[in-house]
Enquirer: 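Please see the structure below; I have some questions.
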Amino acid sequence: MRRRPRVGLLLTGDEVIEAGMPAPGRVRDAFGPQLPAVFAALGCEIAGVERRGDARAGIDAALDALCLDCDLIVSTGGTGHADVDAVRAAAQDRVAAGRARSLFAELAMRPGHPTFALEYSAPTGRRVLHIALPGNPLAAMVALRVVVQPAVRGLLGQRAEETAVGRVAEAIPGGRAERIVPAARDARGNWAETSGTGSNMLRGLAAADGLIVIPAGGAEDGQEVPLLMLPW
Ligand SMILES: Nc1nc2c(c(=O)[nH]1)N[C@H]1C(S)=C(S)[C@@H](COP(=O)(O)OP(=O)(O)OC[C@H]3O[C@@H](n4cnc5c(N)ncnc54)[C@H](O)[C@@H]3O)O[C@H]1N2
Ligand code: MOO
């Protein structure tokens, strides 16, 4: 068995506060309280947690620090295409400078489409994977299940998981791309979307047993769709 992958967390956003009632324009951190436990459940060790605002210098410094000591960096926020989205900008500059290789720049799924991944050549000579999750809490947790969990299996030397299937309890509309939908099993063993599944909400995920994958055209009553069970 391989050693536990060392994971560095980079939580970004000027507006994120860690305690208390958020003032207008502020938001309480949804990731710090849960990601360490999720990574422990996946078999990883948290090597460091960096909290930074949106300033590029801070993001660069945090990435440099985490690269020295981690196998995997997982960041939250800053994945958009605007100038203020410093995580994507920092990653793009590293690729342009030959210090990193882009693995993918976007995903054809909702929520979570701005997720991207790259691999750094760290000064230590090690390769460090960076998976950048969006700031919206459900989008980030969906991308964690779809991308980060399989990556961790790879780092642990485990085989890719087999995709399960679930039968939807009733028709579910599609979207512009595949929809990844928090869902719970009903008494007959069929899967129904939980309530509170906006990409900024975690309520529907908290009540879910798994994520079902709804094709762009939607799923009909009783249709079998891919199913990803949740690791917690
Ligand atoms: N022009 C476009 N704008 C946006 C698009 C697009 O396709 N074109 N996609 C939207 C989608 S979808 C998402 S998701 C977000 C991704 O944006 P970022 O990764 O840059 O995330 P932020 O702007 O930093 O934050 C988004 C949202 O999440 C809140 N947040 C951030 N960190 C935390 C935290 N630790 N705890 C709780 N909430 C957090 C943040 O306050 C924002 O409300 O881009 C859209 N825009
Ligand atoms: O994907 Mo955003 O990733 O819908 O909240």
Side-chain angles (χ1 to χ4, degrees), residues 7-39 46 48-60 62-63 66 73-93 102-118 130-148 172-183 193-194 196-206 208 211-216 228:
V7 175
L9 298 178
L10 168 57
L11 310 181
T12 74
D14 288 338
E15 75 287 11
V16 178
I17 61 167
E18 284 181 69
M21 186 66 79
R26 301 264 161 175
V27 62
R28 199 158 49 212
D29 179 22
F31 301 123
Q34 61 173 332
L35 289 185
V38 171
F39 280 102
I46 295 293
V49 181
E50 297 273 350
R51 291 177 177 277
R52 302 288 172 144
D54 296 314
R56 185 53 204 280
I59 305 279
D60 278 323
L63 288 173
L66 293 173
I73 297 171
V74 175
S75 60
T76 59
T79 62
H81 294 271
D83 288 347
V84 292
D85 292 316
V87 178
R88 185 176 292 271
Q92 280 171 345
D93 284 355
S102 170
L103 300 176
F104 60 86
E106 195 114 31
L107 288 174
M109 69 175 194
R110 303 275 164 143
H113 74 95
T115 304
F116 65 86
L118 61 161
H130 175 186
I131 300 175
L133 305 177
N136 271 330
L138 180 62
M141 296 310 287
V142 161
L144 185 142
R145 177 61 185 88
V146 171
V147 181
V148 176
I172 299 183
R176 281 203 286 158
E178 274 184 336
R179 288 184 60 212
I180 317 288
V181 173
E193 181 167 359
T194 53
T197 59
S199 72
N200 59 333
M201 299 175 192
L202 289 177
R203 183 158 50 91
L205 185 67
L211 301 175
I212 51 176
V213 182
I214 305 300
L228 298 164

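As the structure is a computational prediction, the values presented were derived from the model and not from experiment. Order of listing sets the numbers, starting from 1, for every ligand and every atom in it.
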Enquirer: So, does Arg203 use its side chain to make a donor-acceptor pair with the main chain of Thr194 at under 3.5 Å?
Expert: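 Checked: no pair found.
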
Enquirer: Which atoms of ligand 1 have any heavy atom of Asp29 under 4.0 Å away?
Expert: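 Close to Asp29: 34 (C), 35 (N), 36 (N).
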
Enquirer: Is atom 31 (C) of ligand 1 less than 4.0 angstrom from at least one protein heavy atom?
Expert: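 So atom 31 (C) of ligand 1 has protein heavy-atom neighbours under 4.0 Å.
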
Enquirer: With rounding to the nearest 0.5 angstrom, report the OG to CD distance, Ser102 to Gln92.
Expert: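 Between Ser102 OG and Gln92 CD, I get 8.5 Å after rounding to 0.5 Å.
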
Enquirer: So is there a nitrogen or oxygen of Gly80 less than 3.5 Å from a nitrogen or oxygen in ligand 1?
Expert: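 N/O-N/O distance under 3.5 Å: yes.
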
Enquirer: Quick one: which ligand 1 atoms are inside 4.0 Å of a heavy atom on Val27?
Expert: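 Per the distance check, 37 (C), 38 (N), 41 (O).
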
Enquirer: Specify the closest pair of heavy atoms between Phe104 and Thr115, including all atoms of both residues, with the distance to one decimal.
Expert: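 So the minimum-distance heavy-atom pair works out to CE1-O, 3.5 Å.
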
Enquirer: Might you point out which heavy atoms bring Pro215 and Glu178 nearest each other, and give the distance in Å?
Expert: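 Looking at all heavy atoms of both residues, the closest pair is CA-CG, 4.4 Å.
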
Enquirer: Check ligand 2 against His113 and write out every atom of the ligand that is under 4.0 Å from a heavy-atom position of the residue.
Expert: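 Near His113, the atoms of ligand 2 are 1 (O), 3 (O).
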
Enquirer: Where's the contact between Val16 and ligand 1, heavy-atom distance under 4.0 Å: side chain, backbone, both or neither?
Expert: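 Contact part for Val16 vs ligand 1: side chain (C-beta onward).
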
Enquirer: Scan the protein's non-hydrogen atoms and note whether one is under 4.0 Å from atom 14 (S) of ligand 1.
Expert: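 There is a protein heavy atom less than 4.0 Å from atom 14 (S) of ligand 1.
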
Enquirer: At under 4.0 Å between heavy atoms, which part of His81 makes contact with ligand 1: side chain, backbone, both or neither?
Expert: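 Neither; no heavy atom under 4.0 Å.
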
Enquirer: Within less than 4.0 angstrom of ligand 1, does Arg28 place any heavy atom?
Expert: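 For ligand 1, residue contact (heavy atoms, under 4.0 Å) with Arg28 is present.
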
Enquirer: Does the N or O separation between Pro134 and ligand 1 drop below 3.5 Å for any pair?
Expert: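 Min N/O separation from ligand 1 is not below 3.5 Å for Pro134.
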
Enquirer: For Pro134 and Ala140, which heavy atoms make the closest approach, and how far apart are they?
Expert: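 For Pro134 versus Ala140, the nearest heavy atoms are O-CB, 3.3 Å.
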
Enquirer: Where is the tightest heavy-atom contact between Thr79 and Pro114, given as atom of each residue plus distance?
Expert: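 That would be OG1-CB, 3.3 Å.
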
Enquirer: How does Pro137 reach ligand 1, if at all, at less than 4.0 Å between non-hydrogen atoms: by side chain, backbone, both, or neither?
Expert: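 The side chain, only.
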
Enquirer: Short question: side chain of Arg179, backbone of Pro173 - any donor-acceptor pair under 3.5 Å?
Expert: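 Present.
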
Enquirer: For the backbone of Gly20 and the side chain of Arg28, can you confirm whether one donor and one acceptor N or O come within less than 3.5 Å of each other?
Expert: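 Side chain of Arg28 to backbone of Gly20, a donor-acceptor pair under 3.5 Å: yes, one is there.
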
Enquirer: Does any N or O atom in Arg110 lie less than 3.5 angstrom from one in ligand 2, N or O only?
Expert: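 In this structure, Arg110 places no N or O atom under 3.5 Å from an N or O of ligand 2.
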
Enquirer: Using a 3.5 Å cut-off on N or O atoms only, is Gly135 in polar contact with ligand 1?
Expert: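 The answer is yes, given that Gly135 and ligand 1 share an N or O pair closer than 3.5 Å.
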
Enquirer: Just verifying a value: how many Å separate Leu66 CG and Ile73 CD1, rounded to the nearest 0.5 Å?
Expert: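 So the gap between those two atoms works out to 5.0 Å.
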
Enquirer: Holding to side-chain contact (heavy atoms from CB on, under 4.5 Å), I want the full list of residues that pass it with Asp85, two or more places apart in sequence or in another chain.
Expert: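 Here the qualifying residues are Ala82.
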
Enquirer: What's the shortest distance from atom 36 (N) of ligand 1 to any protein heavy atom, and which residue and atom give it?
Expert: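 Answer for atom 36 (N) of ligand 1: Ala30 N, 2.8 Å.
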
Enquirer: Does Asp85 come within less than 4.0 Å of ligand 1, judged by its heavy atoms?
Expert: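 Checking ligand 1 against Asp85, which is what was asked, there is a heavy-atom contact under 4.0 Å.
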
Enquirer: Verify, without hydrogens or angle tests, whether Thr12 (side chain) and Thr76 (backbone) share a donor-acceptor contact under 3.5 angstrom.
Expert: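 The answer is yes, because a donor-acceptor pair under 3.5 Å joins these two groups.
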
Enquirer: Does the protein place a non-hydrogen atom closer than 4.0 angstrom to atom 46 (N) of ligand 1?
Expert: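 So atom 46 (N) of ligand 1 lacks protein heavy-atom neighbours under 4.0 Å.
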
Enquirer: So for ligand 1, is Ala139 a polar contact partner (N or O within less than 3.5 Å, distance only)?
Expert: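 No - when backbone and side-chain N and O of Ala139 are compared with those of ligand 1, no distance drops under 3.5 Å.
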
Enquirer: What closest approach, in Å, do Gly32 and Asp29 show between heavy atoms, and which atom pair accounts for it?
Expert: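 Closest approach of Gly32 to Asp29: N-OD2, 2.9 Å.
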
Enquirer: What protein heavy atom sits nearest atom 5 (O) of ligand 2, and how far away is it?
Expert: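 That would be Ser199 OG, 2.5 Å.
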
Enquirer: At what distance, to the nearest 0.5 angstrom, does CE of Met141 lie from CG of Leu202?
Expert: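 Output value for this atom pair is 7.0 Å.
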
Enquirer: For ligand 1, which atoms, with element, lie under 4.0 Å from some heavy atom of Gly77?
Expert: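 In order of numbering, the contacting atoms are 19 (O), 21 (O), 24 (O).
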
Enquirer: Restricting to side-chain hydrogen bond (donor to acceptor under 3.5 Å, both in side chains), what partner residues turn up for Arg145, sequence neighbours left out?
Expert: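 With sequence neighbours excluded, Arg145 shows a side-chain hydrogen bond (donor to acceptor under 3.5 Å, both in side chains) to Gln149, Glu161, given in chain and number order.
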
Enquirer: Going by heavy-atom distance to atom 9 (N) of ligand 1, choose the closest among His113, Glu106, Arg26.
Expert: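 Nearest option to atom 9 (N) of ligand 1, by heavy atoms: His113.
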
Enquirer: Are any of the heavy atoms in Gly78 under 4.0 Å away from ligand 1?
Expert: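 Within the 4.0 Å threshold, so yes.
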
Enquirer: Atom 26 (C) of ligand 1: which of Asn136, Val84, Thr79 has the nearest heavy atom?
Expert: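 Looking at heavy atoms only, the winner is Asn136.
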
Enquirer: Among Pro137, Pro134, Gly112, which one has a heavy atom closest to atom 2 (Mo) of ligand 2?
Expert: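 Checking each option, the heavy atom nearest atom 2 (Mo) of ligand 2 is found in Gly112.
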
Enquirer: Could you tell me whether a side-chain N or O of Asn136 sits under 3.5 Å from a main-chain N or O of Leu138, the two making a donor and an acceptor?
Expert: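 No, because the side chain of Asn136 does not come within donor-acceptor range (under 3.5 Å) of the backbone of Leu138.
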
Enquirer: Considering only protein heavy atoms, determine whether one is less than 4.0 Å from atom 2 (C) of ligand 1.
Expert: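 Not a single protein heavy atom is under 4.0 Å away.
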
Enquirer: Can you list the atoms of ligand 2 that are under 4.0 Å from a heavy atom of Pro114?
Expert: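 By the 4.0 Å cutoff, the relevant atoms are 1 (O), 3 (O).
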
Enquirer: Determine the minimum heavy-atom distance between Pro36 and Ile46, stating which atoms define it.
Expert: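 Smallest interatomic distance, heavy atoms only, reads CA-CG1, 4.1 Å.
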
Enquirer: Which residue supplies the protein heavy atom nearest to atom 44 (O) of ligand 1, what is that atom called, and how far is it?
Expert: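 Among all protein heavy atoms, the one nearest atom 44 (O) of ligand 1 is Pro114 CG, 4.7 Å.
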
Enquirer: Would the distance check show the side chain of Asp14 and the main-chain N or O of Asp54 forming a donor-acceptor pair, the cut-off being under 3.5 Å?
Expert: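 Indeed, once roles are kept as given, a pair shorter than 3.5 Å links the two residues.
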
Enquirer: With a cut-off of 4.0 Å, which atoms of ligand 2 are near a heavy atom of Asn136?
Expert: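 Listed by number with element: 5 (O).
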
Enquirer: Quick test: of every protein heavy atom, which one is nearest to atom 4 (O) of ligand 2, and how far off is it to 0.1 Å?
Expert: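 Looking at atom 4 (O) of ligand 2, the protein heavy atom closest to it is Pro111 CB, 3.3 Å.
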
Enquirer: Give the atoms of ligand 2, by number and element, whose distance to some non-hydrogen atom of Ala139 is under 4.0 Å.
Expert: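 Heavy-atom distances to Ala139 below 4.0 Å select 1 (O), 2 (Mo), 3 (O), 5 (O).
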
Enquirer: Polar-atom distance check: Glu15 versus ligand 1, any N or O pair below 3.5 Å?
Expert: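 By distance alone, the answer is yes.
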
